[in-house]
Amino acid sequence: MRPLRALTRYVSRYERGGFAASIAGPYALIVVAATVYVAISTHRPGSQGLEAVVLFAVTAPISMLLMFLPLASLPDDPPGPQIFLLMFTAAGLFQAWLLWLIARGRRKDQA
């Protein structure tokens with residue numbers, strides 16, 4: 001229970017820390033769950049890879065910007081699907097962190 005107590009103490013430092021955690025936390029869990037779903041379902045026999053649309057939709061709008069990266073023009077060896085899975089997951093977790101920063105408000109005075 002010690003990590004939970006430390007997390008609660010950290011969240012309570014901000015004006016709307018509990019509210020921000022209730023938004024950013026579930027979003028981060030949805031991103032991780034979508035990543036696990038895509039990783040498992042695309043490795044099944046007969047998969048055409050269309051399951052990745054779920055992760056693309058969950059991590060939008062940053063994932064839409066990632067689609068413009070010129071990774072296919074890399075010399076010799078184009079990146080595999082694991083790179084895209086990692087990039088979209090990182091983008092979703094980055095968005096969860098941004099949600100936390102935006103929603104938490106100002107830090108309370110330590111008076």
Side-chain angles (χ1 to χ4, degrees):
M1 292 302 281
R2 195 165 200 93
L4 185 60
R5 187 176 304 150
L7 180 65
T8 305
R9 191 175 318 128
Y10 179 74
V11 167
S12 66
R13 291 180 187 172
Y14 298 96
E15 292 175 352
R16 295 182 307 271
F19 172 71
S22 68
I23 292 174
Y27 178 71
L29 289 176
I30 290 170
V31 168
V32 170
T35 302
V36 169
Y37 167 72
V38 169
I40 291 172
S41 63
T42 54
H43 285 83
R44 295 188 59 136
S47 171
Q48 296 177 354
L50 293 176
E51 296 89 356
V53 173
V54 172
L55 187 60
F56 182 77
V58 167
T59 59
I62 291 182
S63 61
M64 293 178 188
L65 295 174
L66 291 176
M67 295 302 293
F68 293 112
L69 288 177
L71 295 178
S73 64
L74 291 175
D76 298 331
D77 192 22
Q82 293 83 13
I83 296 296
F84 291 103
L85 188 68
L86 179 65
M87 285 175 28
F88 288 141
T89 305
L93 294 176
F94 176 71
Q95 287 182 148
W97 178 69
L98 284 178
L99 280 172
W100 161 253
L101 289 179
I102 293 169
R104 72 183 184 186
R106 296 176 186 242
R107 191 172 179 153
K108 293 179 184 175
D109 291 332
Q110 299 293 334

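Here, residue 1 is the first one in the sequence, and each next residue gets the next number.
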Answer yes if [X] and [Y] sit in the same cluster of Ile, Leu, Val, Met, Phe, Trp and Tyr residues linked by side chain heavy atoms under 4.5 Å apart, and no otherwise.
{"X": "Leu98", "Y": "Trp100", "answer": "yes"}
{"X": "Leu99", "Y": "Phe19", "answer": "yes"}
{"X": "Ile23", "Y": "Ile30", "answer": "yes"}

Nearest 0.5 Å please: distance from the CD atom of Glu15 over to the CZ atom of Arg107. 12.0 Å

What residues form a side-chain contact (heavy atoms from CB on, under 4.5 Å) with Ala28, not counting sequence neighbours? Leu93, Ala96

State which residues pass side-chain contact (heavy atoms from CB on, under 4.5 Å) with Tyr37; sequence neighbours excluded, sorted by chain then number. Ser41, Glu51, Val54

Side chain to side chain donor-acceptor pair (under 3.5 Å): pairs with one or both residues in residues 18-30, sequence neighbours excluded: Tyr27-Gln95

Ignoring hydrogens, what is the shortest heavy-atom contact between Gln82 and His43? Give both atom names and the distance. NE2-NE2, 4.3 Å

Shortest non-hydrogen contact between Pro26 and Ala21, atoms and distance: CD-O, 3.6 Å

Report all side-chain donor-acceptor pairs from residues 83-90 shorter than 3.5 Å, counting only partners two or more places apart or in another chain.
from: Thr89; atom 1: OG1; to: Thr35; atom 2: OG1; distance (Å): 2.9
from: Thr89; atom 1: OG1; to: Leu85; atom 2: O; distance (Å): 2.7

Donor-acceptor pairs are to be reported for all side-chain atoms of residues 58-67 against protein atoms at under 3.5 Å, with residues two or more places apart or in another chain.
from: Thr59; atom 1: OG1; to: Leu55; atom 2: O; distance (Å): 2.8
from: Thr59; atom 1: OG1; to: Ser63; atom 2: OG; distance (Å): 3.4
from: Ser63; atom 1: OG; to: Phe56; atom 2: O; distance (Å): 2.9
from: Ser63; atom 1: OG; to: Ala60; atom 2: N; distance (Å): 3.4

